[in-house]
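In each ligand, atom 1 is the first atom listed, and ligand 1 is the first ligand listed. Just so we're clear, the structure is a prediction, and the values are computed from it rather than from any experiment.
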Amino acid sequence: MTADLNLLRPYGPLVRRIEAEATVIGDQILKIDHFLNHRIEPSFITEMGQELAKRLAGFEPTVVLTAEASGIAPGLVVAQALNVPLVYAKKYAPQVESPAIARVIPSPTKGGETKLVLSQRYVMPADRVVIVDDFLSNGRTAVALIEMAREAGAEVLCASFIVEKRFKQGHASIEALGVPVCTLAQVEALENGHAVLTQPQD
Ligand SMILES: O=P(O)(O)OC[C@H]1O[C@H](OP(=O)(O)OP(=O)(O)O)[C@H](O)[C@@H]1O
């Protein structure tokens with residue numbers, strides 16, 4: 001698959017904020033939870049979600065799919081901009097109306113295992129799905145969401161993220177499923193307390 005460069009265009013305002021404000025721990029951990037997923041800045045998450053929505057509009061999705069919890073804020077902005085529903089796979093109280101589809105994945109940031117559960121009532125065979133999440137790392141969450149949507153009979157058009165760690169295998173795992181990846185910031189490496197990012201052209 002040839003990557004669509006428009007889907008991977010670095011978004012300048014986000015790249016600059018990560019460079020200036022991220023906390024980098026070792027060569028694996030990047031924290032920007034002061035504006036993205038613990039303390040959320042409504043104006044900035046809206047700006048970023050609208051940028052993702054612009055890139056995703058051409059896929060003509062009928063539903064945005066994410067995972068509880070940190071995907072909900074960006075997912076809601078994208079869904080609102082595209083005027084489609086947001087569905088989130090439940091993680092923390094995974095009792096949903098049956099029939100349901102589930103996947104167990106290694107918990108990305110907490111260790112142990114996480115169960116993702118989705119009611120088939122909310123993703124249907126005619127649906128055109130785009131995935132939205134805050135971070136792409138090893139890709140286990142996104143791959144599970146893609147598999148679950150496909151098990152429901154839906155078509156998955158694109159998987160999109162605010163930030164991706166290019167030094168992990170998530171991007172390749174998603175493309176291996178035939179799904180294009182869309183991201184606003186691409187972290188190439190974490191070194192000496194700093195994030196090295198793909199630079200915007202503008
Ligand atoms: O590409 P991956 O390796 O799957 O990692 C990315 C996932 O990790 C985080 O979720 P996490 O479960 O850590 O936290 P959350 O419950 O706050 O969303 C993040 O929100 C993504 O969903």
Side-chain angles (χ1 to χ4, degrees), residues 3 7-8 14 17-18 22-42 44-45 48-49 52 56 63-79 86-96 101-118 123 129-151 156 158-190 195 197-198:
L7 295 178
L8 299 173
L14 175 61
R17 283 199 72 171
I18 294 173
T23 301
V24 173
I25 303 168
D27 60 3
Q28 298 293 315
I29 298 176
L30 171 79
K31 285 173 76 75
I32 46 172
D33 61 2
H34 64 293
F35 67 80
L36 185 62
N37 52 18
H38 187 18
R39 170 182 178 269
I40 297 173
E41 292 181 6
F44 197 48
I45 199 89
M48 293 190 291
L52 278 183
L56 296 171
V63 66
V64 169
L65 179 62
T66 190
E68 201 174 17
S70 301
I72 293 176
L76 180 62
V77 178
V78 174
L86 168 68
V87 176
Y88 61 92
K90 296 221 174 195
K91 200 191 275 179
Y92 296 110
Q95 286 84 37
V96 304
I101 296 168
R103 287 289 183 285
V104 175
I105 58 168
S107 177
T109 56
K110 299 170 197 73
E113 289 188 325
T114 297
K115 190 174 189 187
L116 291 171
V117 185
L118 183 64
V123 177
V129 173
V130 290
I131 309 286
V132 174
D133 209 345
D134 60 335
F135 264 93
L136 172 61
S137 181
N138 289 312
R140 300 298 291 266
T141 308
V143 165
L145 291 173
I146 292 167
E147 287 177 0
M148 291 161 79
R150 286 178 170 172
E151 192 175 323
V156 181
C158 189
S160 67
F161 308 86
I162 303 288
V163 183
E164 67 167 314
K165 291 179 177 170
R166 289 307 304 256
F167 54 93
K168 305 291 248 186
Q169 73 268 24
H171 192 121
S173 304
I174 294 168
E175 286 191 335
L177 295 175
V179 175
V181 174
C182 174
T183 56
L184 299 184
Q186 303 79 27
V187 181
E188 306 292 344
L190 299 172
L197 289 123
T198 306

Item to check | Sole residue of L30, D134, L136, L184 in side chain to side chain contact (heavy atoms under 4.5 Å, CB included) with V163 | outcome: L30

Checklist entry - By side-chain contact (heavy atoms from CB on, under 4.5 Å), which residues pair with A176, not counting sequence neighbours? => result none

Next on the checklist: Taking 4.0 angstrom as the limit and counting only heavy atoms of K91, give me the atoms of ligand 1 inside it, by number and element.
Outcome noted: 10 (O), 11 (P), 12 (O), 14 (O), 15 (P), 16 (O), 18 (O)

Checklist entry - Is a donor on one side and an acceptor on the other found under 3.5 Å between the side chain of K91 and the backbone of E68? => result yes

Item to check | Atom indices of ligand 1 within 4.0 angstrom of F135 heavy atoms, with elements | outcome: 6 (C), 21 (C)

Checklist entry - What's the verdict on side chain to side chain contact (heavy atoms under 4.5 Å, CB included) for I72 and L86, showing C-alpha distance, side-chain angles and the deciding distance? => result CA-CA 8 Å; I72 293 176; L86 168 68; 4.2 Å; yes

Checklist entry - At what distance, to the nearest 0.5 angstrom, does CD of E147 lie from CG of L116? => result 10.5 Å

Item to check | Min heavy-atom dist E68 to ligand 1 below 4.0 Å | outcome: yes

Item to check | atom 21 (C) of ligand 1 - nearest protein heavy atom and its distance | outcome: D133 OD2, 3.3 Å

Item to check | Pairwise side-chain contact, P74 with M48, heavy-atom cut-off 4.5 Å (strictly under) | outcome: no

Checklist outcome for this item: When distances are taken from atom 17 (O) of ligand 1, the protein heavy atom at minimum range is S70 OG, 2.7 Å

Checklist entry - Checking S107 side chain against G112 main chain: does a donor-acceptor pair fall under 3.5 Å? => result no

Item to check | Identity and distance of the protein heavy atom lying nearest atom 2 (P) of ligand 1 | outcome: G139 N, 3.4 Å

Checklist entry - Heavy-atom contact under 4.0 Å between K168 and ligand 1? => result no

Next on the checklist: If we only consider heavy atoms of A67, is any one of them less than 4.0 Å away from an atom in ligand 1?
Outcome noted: no

Checklist entry - Judged by non-hydrogen atoms, does D134 sit under 4.0 Å from ligand 1? => result yes

For residues 164-174, dump all side-chain donor-acceptor pairs below 3.5 Å to protein atoms at least two apart in sequence or in another chain.
from	atom 1	to	atom 2	distance (Å)
E164	OE1	R166	NE	3.4
E164	OE1	H171	ND1	2.8
E164	OE2	H171	ND1	3.4
E164	OE2	T183	OG1	2.7
K165	NZ	Q28	O	2.7
K168	NZ	Q28	OE1	2.6
H171	NE2	E175	OE2	3.2
S173	OG	Q169	O	2.9

Checklist entry - In ligand 1, which numbered atoms sit nearer than 4.0 Å to a non-hydrogen atom of K110? => result 11 (P), 12 (O), 13 (O), 14 (O), 15 (P), 16 (O)

Item to check | Any N or O of Y92 closer than 3.5 Å to N or O of ligand 1 | outcome: yes

Item to check | G170 heavy atom under 4.0 Å from ligand 1 | outcome: no

Checklist outcome for this item: In this structure, atom 4 (O) of ligand 1 is nearest to the protein heavy atom T141 OG1, 2.7 Å

Checklist entry - Which residue owns the protein heavy atom closest to atom 5 (O) of ligand 1, what's the atom, and how far is it? => result P108 CB, 3.5 Å

Checklist entry - Which protein non-hydrogen atom lies closest to atom 13 (O) of ligand 1, naming both residue and atom, and how far is it? => result T109 OG1, 2.4 Å

Checklist entry - Should I162 and L52 count as side-chain neighbours, where that means a heavy-atom distance under 4.5 Å? => result yes

Checklist entry - Considering only protein heavy atoms, which is closest to atom 3 (O) of ligand 1, and at what distance to one decimal place? => result N138 N, 2.9 Å

Next on the checklist: Using modelled atom types and a 3.5 Å cut-off, is there a donor and acceptor pairing between side-chain atoms of S160 and backbone atoms of V181?
Outcome noted: no

